[in-house]
Amino acid sequence: MSVQYHYIARRLHSLSGLIPVGVFLLVHLFINSFVLKGPEAYNQAVELLNSSAVTPWLEVFLIGIPIAYHGFYGLWVTYVSKTNMFRYQYFRNWMFYLQRITAVITLIFVLWHVYVLRIARIFTGTEMTYDIFHQWASNPNYFVIYIIGFLAAIFHFANGLWAFAFSWGITIGPESRKIWTYICVLIFVVLGIAGINILTAFK
Amino acid sequence: MKEVLLKIKRQDNPQTKPYWEEFKVPLTPKMNVISCLLEIQKNPVNVKGQQTTPIVWDCNCLEEVCGACTMIINGIARQACAALVENLTQPIVLQPLTKFPLVRDLMVDRIKMFENLKKIRAWVPIDGTYYLGPGPKVSQSVQEKVYPISTCMTCGCCMEACPYVNNKSNYMGPTAMAQVYLFNSHPTGAMEKEKRLDAITGDGGIADCGKALNCERVCPKEIPLVSIIGELNRQTTFRSFSRWLFK
Ligand code: SF4
Ligand code: SF4
Ligand code: FES
């Protein structure tokens, strides 16, 4: 009887990237998109979220723990690989490499992002309002960091969707893999445009 | 007279440091990398004019069937017997495979792949004490689909190109995955289908594949390794769920 833990850990890693972490990424973007209707709409949406007693629980169990698992187990998975994209210059081999690079960028970005905007708030007690983000986004350095962090995250998400479909045996043959590649590129472009618009709206 | 310039990575034994040595051999028509190595063997003198030891390498069939002569030629893992000098840029750079323990010079020990084949039970179980009669028929479409897999010569090109085959990871590699598919497709082999699927959901199994898809690109036998891994991914998904839900 073979030990299946390893298999399960890998598959959970793949699953957690989509559910709940990927879904959360979309919800997060959606909530932020209220800013496109103006600061008041955004403040109202955030207030609504924070007024629920369940929110902190969701933050820990549906977001925090899965992100920590996906992020730190993922670092291990990255560590045991041996990249060779310069020797074997194939498209997927480069995507494989970029998936790992964006993983590290996203992880650092998310840790910082969560610390300054969520954890520090517990100590200082400042509420998250449009004004605070406006200050952040108006600083060109932070704005650039945000753009980089955001693009890394959605690249990792879109390319991760491609990998997810293969890992779980959804896309199998070359044709389905190709079509799915196009769809994932489209998802990346659409989310990218949406996110940059949202970030700019905070400026 | 035209000459061929070769740059070879050499190592006297696994404990010593590797070093590079260059050789020039006379060009003859239709020469391949093995014939260059044979020329060096006749007269082991490097470009500096120093007498040296002949290169050690492995080869057998000389027609791209056994896989023994696999080495890294100008950066890519391939068979030396099928690498024609006229198609290669010079100097021709030869290195041993990096994913297997080195024996000497260009010779490595590829036993790891054979051990993996044992782990996944890459055979059709027909041992018995009495005559079992003729085996079941295999349909034409299945035959056509799996024939390419049966041509795998455990050369190790796919292992060399796979980012997850290395000494930090236990991944058995695409070679073993393809053979699971082959033996599960055989009606008698399929009697052990679950055992093989369980073997690749264990340590070093299919979940280690990082989806770089290099393996299929480098396989000299053009085995559709990626589609095979994809289909096994589906089967292991179902298998692991049913194992759990039927408990
Ligand atoms: S699958 Fe292809 S590359 Fe891999 S060992 Fe077999 S023949 Fe060689
Ligand atoms: S697709 Fe999987 S098995 Fe093939 S080279 Fe990539 S990681 Fe290795
Ligand atoms: S000697 Fe058999 S493949 Fe080259």
Side-chain angles (χ1 to χ4, degrees), chain A residues 1-15 17 73-101 103 156 159-178 180-181 184, chain B residues 72 74-77 95 98-99 119-120 157-171 194-218 224-241 243-244:
Chain A
M1 169 87 204
S2 54
V3 188
Q4 274 210 318
Y5 298 121
H6 183 71
Y7 180 81
I8 293 168
R10 283 286 167 108
R11 285 291 177 266
L12 272 182
H13 176 245
S14 168
L15 180 67
Y73 186 71
L75 274 186
W76 165 253
V77 173
T78 302
Y79 166 74
V80 298
S81 70
K82 198 174 161 200
T83 48
N84 55 10
M85 62 287 160
F86 291 113
R87 208 177 243 194
Y88 296 99
Q89 305 228 9
Y90 310 138
F91 169 71
R92 261 298 143 205
N93 203 16
W94 272 103
M95 297 305 254
F96 173 91
Y97 180 62
L98 286 177
Q99 184 71 351
R100 277 141 189 85
I101 292 285
H156 192 78
N159 195 37
L161 278 179
W162 184 89
F164 179 89
F166 183 71
S167 293
W168 290 82
I170 300 167
T171 52
I172 292 176
E175 197 59 35
S176 64
R177 291 199 306 264
K178 196 166 81 194
W180 188 231
T181 304
C184 292
Chain B
I72 300 174
N74 288 349
I76 302 286
Q95 285 165 267
T98 62
K99 304 290 175 85
K119 283 189 208 153
I120 57 126
C157 286
C158 57
M159 306 284 277
E160 183 65 33
C162 175
Y164 274 102
V165 174
N166 63 60
N167 45 23
K168 285 183 284 184
S169 134
N170 291 331
Y171 184 39
E194 278 78 24
K195 280 189 188 161
R196 294 196 194 91
L197 289 180
D198 290 349
I200 57 166
T201 46
D203 194 31
I206 196 161
D208 281 342
C209 163
K211 299 157 282 285
L213 313 197
N214 294 347
C215 47
E216 185 173 305
R217 297 287 294 263
V218 298
L225 293 164
V226 176
S227 305
I228 291 167
I229 293 176
E231 217 166 314
L232 289 173
N233 272 332
R234 172 172 297 181
Q235 291 177 14
T236 52
T237 302
F238 282 112
R239 169 79 186 138
S240 50
F241 272 108
R243 246 171 86 141
W244 174 50

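Throughout, a chain's letter reflects where its sequence line sits, starting with A, and its residues are numbered from 1.
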Chemist: Any chance you could measure B:Thr236, atom OG1, to A:Trp168, atom CH2, to the nearest 0.5 Å?
Modeler: 9.5 Å

Chemist: Look up atom CG in B:Leu213 and atom CZ in A:Arg177, then write down how far apart they are to the nearest 0.5 Å.
Modeler: 6.0 Å

Chemist: In terms of heavy-atom pairs under 4.5 Å, which option from B:Gly204, B:Ala161, B:Ala77 contacts chain A the most?
Modeler: B:Ala161

Chemist: With only heavy atoms counted, which part of A:Asn84 is less than 4.5 Å from chain B, the side chain, the backbone, both or neither?
Modeler: side chain

Chemist: Would you mind checking which part of A:Ile8 comes under 4.5 Å of any heavy atom in chain B, side chain (CB onward), backbone (N, CA, C, O), both or neither?
Modeler: neither

Chemist: Looking only at heavy atoms and a cut-off of under 4.5 Å, which of B:Ile200, B:Val218, B:Asn167 has the most pairs with chain A?
Modeler: B:Val218

Chemist: Give a yes or no answer on whether the side chain of A:Asn93 reaches the backbone of B:Asn214 with a donor-acceptor pair at less than 3.5 Å.
Modeler: no

Chemist: Rounded at 0.5 Å granularity, tell me how far SG in B:Cys215 sits from CZ in A:Arg92.
Modeler: 13.0 Å

Chemist: Within 45 degrees of the axis of the six-membered ring of B:Tyr171 and under 6.0 Å from its centre: does A:Arg10 put its NZ or CZ there?
Modeler: no

Chemist: Please verify the inter-ring angle class for A:Phe96 with B:Tyr164; under 30° counts as parallel, over 60° as perpendicular, anything in between as tilted.
Modeler: perpendicular

Chemist: Less than 4.5 Å to any heavy atom of chain A: does that hold for the side chain of B:Glu160, its backbone, both, or neither?
Modeler: both

Chemist: Quick one: which of B:Pro224, B:Gly205, B:Pro163 has the most heavy-atom pairs under 4.5 Å with chain A, could you say?
Modeler: B:Pro163

Chemist: B:Asp208 versus chain A, heavy atoms under 4.5 Å apart: side chain, backbone, both or neither?
Modeler: both

Chemist: List the atom of A:Ser167, the atom of B:Lys211, and the distance in Å for their closest heavy-atom pair.
Modeler: OG-NZ, 2.9 Å

Chemist: Does any backbone or side-chain atom of A:Arg11 lie under 4.5 Å from a heavy atom of chain B? Answer side chain, backbone, both or neither.
Modeler: side chain

Chemist: Run the side-chain hydrogen bond (donor to acceptor under 3.5 Å, both in side chains) test against B:Arg217 and tell me which residues pass, sequence neighbours left out.
Modeler: none

Chemist: Let me confirm one number: the CG-CD distance from B:Asp203 to A:Gln4, rounded to the nearest 0.5 Å.
Modeler: 12.0 Å

Chemist: Can you measure from CZ (A:Arg87) to CD1 (B:Ile72) and round to the nearest 0.5 angstrom?
Modeler: 4.0 Å

Chemist: Pick one of side chain, backbone, both or neither for A:Tyr97, based on which atoms fall under 4.5 Å of a heavy atom in chain B.
Modeler: neither

Chemist: Looking only at heavy atoms, which two atoms of A:Gly173 and B:Ser227 are closest? And how far apart?
Modeler: CA-OG, 3.9 Å

Chemist: For residues A:Tyr7 and B:Ile206, report the shortest heavy-atom separation together with the two atoms involved.
Modeler: CE1-CG2, 3.9 Å

Chemist: Measure the spacing between OG1 of A:Thr171 and CZ of B:Arg234 and express it to the nearest 0.5 Å.
Modeler: 9.0 Å

Chemist: Would you say the side-chain atoms of B:Lys168 pair up with the backbone N or O of A:Tyr79, donor to acceptor, closer than 3.5 Å?
Modeler: yes

Chemist: Of all of A:Phe86, A:Tyr88, A:Trp162, A:Trp94, which one pairs up most often with chain B through heavy atoms under 4.5 Å apart?
Modeler: A:Tyr88

